[in-house]
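Here is the structure we will look at.
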2 protein chains.
Amino acid sequence: MLEKIKTYQTFPAGSPLIHAGDDVELLSSLVEGCATISMTLEDGRVQMVGLLLPSDFIGRPGRQVAPYDITAISEVTLCSFRRRPFEVLIAETPHIGQRLLEMTLDELDAAREWMVLLGRKTAREKIASLMVILSKRLSPRGHDVHFELPLTREAMASYLGLTLETVSRQITALRRDGVIVQEGRRGITVPDLDRLIALTGDDTDGGLLA
Amino acid sequence: MLEKIKTYQTFPAGSPLIHAGDDVELLSSLVEGCATISMTLEDGRVQMVGLLLPSDFIGRPGRQVAPYDITAISEVTLCSFRRRPFEVLIAETPHIGQRLLEMTLDELDAAREWMVLLGRKTAREKIASLMVILSKRLSPRGHDVHFELPLTREAMASYLGLTLETVSRQITALRRDGVIVQEGRRGITVPDLDRLIALTGDDTDGGLLA
DNA sequence: CGCAGAGTTGATAGGCTTCAATCCTCGTGG
DNA sequence: CCACGAGGATTGAAGCCTATCAACTCTGCG
């Protein structure tokens, strides 16, 4: 049934997909590429509050107005549904509603983990944490841990609550210490993931690190 | 039907209500008092990731293991339901599921707004933001803006990603500037709420400030 | 009265930001 | 084919905000 109302769209890198305050008529699933969720203060300071990778969902059933800016940072393909038919579908199929609640709870957990990072971690720990997150989401299973950074230094800074200079310095430091190996500007290999994880400052038992 | 499975319980200030990693058998609604949601790093640094005030919900349907510590910071009264019957109720009444999704989305929005605070705001802006939040939730409507701080300086520091000394200094500074008036250690009056809001750094148009 | 916990205030230090200059890298066009 | 340009990234120096360490004050209560 979803088949009937879905459409695919592709946007170039840098496209604003949604602007805070807009009326949102389309709910989407990110099929390919990478986008960011961000908020801006009065004087222009920006904080990224979410990173969207393939399989992530964009938009909220039951909410007309977008609370955040969403921007493509690589070429992005979306699979979109019009709001109304989708909301009807949810109302009729409790199972989908439950799944949506599950996803929202996961997002909430991720947001809270990120609050700990923003509030209490050092620059070094922040960078290590980001690398671990990206390793888990982008590195193919089973192989050596390797991935391409989908973010510029500026975007990383925005996500981590740092400046781009500090991000650059800390990445340089991690490379000097042999914790990561760089291939070109964006390629990252992690020779020993446990060593990287040890630098995140996270409590290694307490449940959340699934 | 909820009537049949609900029980009331009261806990003294300081009680740990839930410890991260625990199996949670009871879902609750906070009836009276104030509690905090917090996470702890390896070496003991603590970040509060949520503040629970009357009418807030504790626990997640469908999630057995608690991801956070929840602690009473004043005497607290909970209205609790056993997990199973409550989950059955949700499955049978889509309306409740929708309400739960609504509440979770609200929490997510609050968490993301807090990420901006933690990542980008100055100490001054953080304190001002907290005061505004507490004004909105604790000050009786229609009167002058006045409330009692439910948090110690340390708890505020934990919530704001600061130290308690910095919190104390900034509160002193706000009082010196006449933005707030203190009555005793905990009483706060805000003579001009707009002036306080102007100090939060928040963008005053873009949607989220409902 | 005196103690304990919460809060305030002061001095110092450190980590990150800011400002600035330079270096890469890659795509473009002469 | 290679020089050139522009945006991204790195590196350096200086300064500021907040943390840290420490002493002291206030308040309520046994």
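Residue numbers begin at 1 in each chain, while the letters A, B, ... track the order of the sequences. Computed from a predicted model, the values in this text were never measured in an experiment.
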Can you name the atoms? Protein N/O to nucleotides 2-5 of chain C N/O, anything below 3.5 Å, with the distance.
none

Give every pair of a protein N or O atom and an N or O atom of nucleotides 28-30 of chain D that lie under 3.5 Å apart, one pair per line with the distance.
none

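Salt bridge present: A:R60 and B:D109 bring a charged side-chain N and a carboxylate O closer than 4.0 Å.
B:S29 is linked by a side chain to side chain donor-acceptor pair (under 3.5 Å) to nothing, counting only residues two or more places apart in sequence or in another chain. Residues passing the side chain to side chain donor-acceptor pair (under 3.5 Å) test with B:T77, sequence neighbours excluded: B:T10. Not counting sequence neighbours, B:D144 has no partner by the side chain to side chain contact (heavy atoms under 4.5 Å, CB included) test. Applying the side chain to side chain donor-acceptor pair (under 3.5 Å) test to B:Q9 and every residue at least two apart in sequence or in another chain returns nothing. The side chain to side chain donor-acceptor pair (under 3.5 Å) check on A:T189 picks up A:H146, A:E183, with sequence neighbours excluded.
At the phosphate of D:dT11, OP1 or OP2 sits under 4.0 Å from a side-chain N or O atom of A:T172.
Residue pairs meeting the side-chain hydrogen bond (donor to acceptor under 3.5 Å, both in side chains) criterion with at least one partner in residues 191-200 of chain A, sequence neighbours excluded, are A:T200-A:D202. Residue pairs meeting the ring pair (Phe, Tyr, Trp, His ring centres under 6.0 Å) criterion with at least one member in residues 108-138 of chain A, sequence neighbours excluded, are A:W114-A:Y159. Among residues at least two apart or in separate chains, there is no ring pair (Phe, Tyr, Trp, His ring centres under 6.0 Å) pair with a member in residues 16-54 of chain B.
Here the P atom of nucleotide C:dC16 and the CZ atom of A:R45 are 18 Å apart, to the nearest Å. A:I127 has its CD1 atom 13 Å from the C1' atom of D:dA9, to the nearest Å. Rounded to an integer number of Å, the gap from B:R176 CZ to C:dT9 P is 8 Å. As rounded to whole Å, 12 Å separates atom P of D:dT10 from atom CG of A:L174. Rounded to an integer number of Å, the gap from CG of A:L118 to P of D:dT18 is 16 Å. One atom, CZ of A:R175, and another, C1' of D:dT11, lie 12 Å apart when rounded to the nearest Å. Between the P atom of C:dG15 and the NZ atom of A:K121 lies a distance of 18 Å, rounded to the nearest Å. The CG-P distance, from A:L151 to D:dG7, rounds to 20 Å in whole Å.
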Enumerate, atom names and distances included, each donor-acceptor pair closer than 3.5 Å involving a side-chain atom of residues 124-131 of chain A, sequence neighbours excluded.
from: A:R124; atom 1: NE; to: A:Q170; atom 2: OE1; distance (Å): 3.1
from: A:R124; atom 1: NH1; to: A:D177; atom 2: OD2; distance (Å): 3.3
from: A:E125; atom 1: OE1; to: A:T122; atom 2: N; distance (Å): 2.9
from: A:E125; atom 1: OE1; to: A:T122; atom 2: OG1; distance (Å): 3.4
from: A:E125; atom 1: OE1; to: B:R45; atom 2: NH1; distance (Å): 2.8
from: A:E125; atom 1: OE1; to: B:R45; atom 2: NH2; distance (Å): 3.4
from: A:E125; atom 1: OE2; to: B:R45; atom 2: NH2; distance (Å): 2.7
from: A:K126; atom 1: NZ; to: A:L160; atom 2: O; distance (Å): 3.0
from: A:S129; atom 1: OG; to: A:K121; atom 2: NZ; distance (Å): 2.8
from: A:S129; atom 1: OG; to: A:E125; atom 2: O; distance (Å): 2.7

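Less than 4.0 Å separates DNA chain D from at least one heavy atom of each of the following residues of residues 152-171 of chain A: A:T152, A:R153, A:L164, A:E165, A:S168, A:R169.
Using a 4.0 Å heavy-atom criterion, one finds that B:R186 contacts the sugar-phosphate atoms exclusively.
By the 6.0 Å contact criterion, CD on A:E102 is enclosed, its count of non-hydrogen atoms from other residues, nucleotides or ligands being greater than 12.
Each of A:G184 and A:A123 has a nearest nucleotide on DNA chain C; the 5'-most of these lies closest to A:A123.
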